[in-house]
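Each chain gets a letter, A, B and so on, in the order the sequences are listed, and its residues count up from 1.
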Amino acid sequence: MPTGASILHADLDAFYASVEQRDDPRLRGRPVIVGGGVVLAASYEAKAYGVQSAMGGRQARRLCPEAVVVPPRMAAYTAASRAVFAIFRDTTPWVEGLSIDEAFLDVGGLRRLSGSPVQIATRLRRMVGEQVGLPITVGVARTKFLAKVASGVAKPDGLLEVPPDGELAFLHPLPVERLWGVGPVTAAKLRARGIHTVGQLARLDVPTLESLLGAGAGGHLHALAHHRDPRPVQVGRRRSSMGAQHALGAGPHSPADVDATLSGLVDRVARRLRAAGRAGRTVTLRLRFADYTAATRSRTLRRATDRTTPLLAAARSLLRAAQPELARRGITLVGVAVGNLDDAPVQPELPFTPDRGVELDNAVDAVRDRFGAAALTRATLLGRRPGLEMPRLPD
DNA sequence: TCTGGGGTCCTAGGACCC
DNA sequence: TCTGGGGTCCTAGGACCC
């Protein structure tokens, strides 16, 4: 385990909303919501009214009627993310991206070259502010887990170091919800036992926790509460799945409607795979029934592919098999994900591959590259609205 | 509180192989 | 006819995060 507090967790504040405020001065100081049907990001002015990301748009507007609602501009967020990650990698080669707007940085061993971790974090925050124009919070600690908790406590626009000799003193007064991995379900179980703080959690023995939360989660949480969970910063992590989904209204929805939506989703995912140079073996159909319970059906192909045709065939056969259940229970969401991702196989030169599927995919991709994603649409999808996309790990 | 759209990780059972 | 143990892969569900 590292001895000094040399892991940074750097996390852009209200990322999409901050980009909007940066690019439109009229939005500064005002509550801003990015997204329409669902809140993708809320500025801190909007959060003060209780608006949270992932909240339904209607509820958000009820909480904060004066909020300015702007549609997402993914290209702007991607560009800002690239600029910030360039600064991360300028700081240290040991960068583990977690999502479009946060990363772990290991700055151990840079002391003589760059100064103490807190000095490095201070400089990092200044550079992101000056060069990209965005606020960013940094947590500094001995482990990734604690650095992440620290940045959460320090937000927004903050810097917080947890010194190695002050870890439990920092951790134990915190509410259990602050722990990375404790969500609503676990928090409710703990609350029911009168456990509200990390300190109370730490006093429970492992068997008690395991009986409450299951063998794996119980032991893991015990380790977290005592801060015994070192994990190294992993450079060059790549995404392991890629998917798209679409919520359907209450319905009813004909099998043809659902199939058309699924085709559009597979189109999108396959195109993103090809753009990223990835290919996948496992096709997962994601379903949500009328009662909002979820289910998945998956199938693993013999070889990884980035081709629309085989991916669509697999997705369709899963949907066909689920049709009787859908007829019975109704459907409110359909999605598809491609997992088991690998680098895309190298395509042989065109003259040697009279493969109509490859040629069609390439032609469709080329048209969309030049004229935009909406330039070509499946006939069955005409009149439907495309959904939103949110990139995560770098491809 | 009526419900997005992206993801990751963990668990558990069954098939299959040695 | 019954009997071990271990490892990997596949499938499905669920919790959690942004």
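Within the structure, every side-chain polar atom (N or O) of A:Thr284 is placed at least 4.0 Å from both OP1 and OP2 of C:dA12. Contact check, A:Thr300 against C:dT11: a side-chain N or O comes under 4.0 Å of OP1 or OP2.
Distance, A:Leu98 CG to B:dG7 C1': 12 Å, rounded to whole Å. At whole-Å resolution of the value, CZ in A:Arg281 and C1' in C:dT11 are 13 Å apart. We find that CG of A:Leu221 is positioned 13 Å from P of B:dT11, with the value rounded to whole Å.
Listed candidates were B:dG5, C:dC18, B:dG7. Nearest to the side chain of A:Ser241 is B:dG7.
Annotation: C:dC17 and B:dT3 have their P atoms spaced 22 Å apart (nearest Å). Going from the P atom of C:dC18 to that of B:dC2 covers 22 Å, rounded to whole Å.
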Going through the distances and angles, do A:Ser263 and A:Arg316 end up as a side chain to side chain donor-acceptor pair (under 3.5 Å)?
CA-CA 8 Å; A:Ser263 298; A:Arg316 274 198 162 130; 3.2 Å; yes
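In DNA chain B, the stems built from three or more successive Watson-Crick or G-U pairs (distances below 3.5 Å) are B:5-18 with C:5-18.
Counted by atom type alone, A:Thr300 and A:Arg281 present zero donor-acceptor pairs between their side chains at under 3.5 Å. A donor-acceptor contact under 3.5 angstrom links the side chains of A:Asp13 and A:Thr137, judged on distance only.
Geometric assessment of A:Lys148 against the ring of A:Phe145 yields a negative cation-pi assignment under the 6.0 Å and 45° thresholds.
Backbone-only contact: A:Gly181 has heavy atoms under 4.0 Å from sugar-phosphate atoms and none from a base.
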Table of protein N/O atoms under 3.5 Å from nucleotides 13-17 of chain B N/O atoms:
none

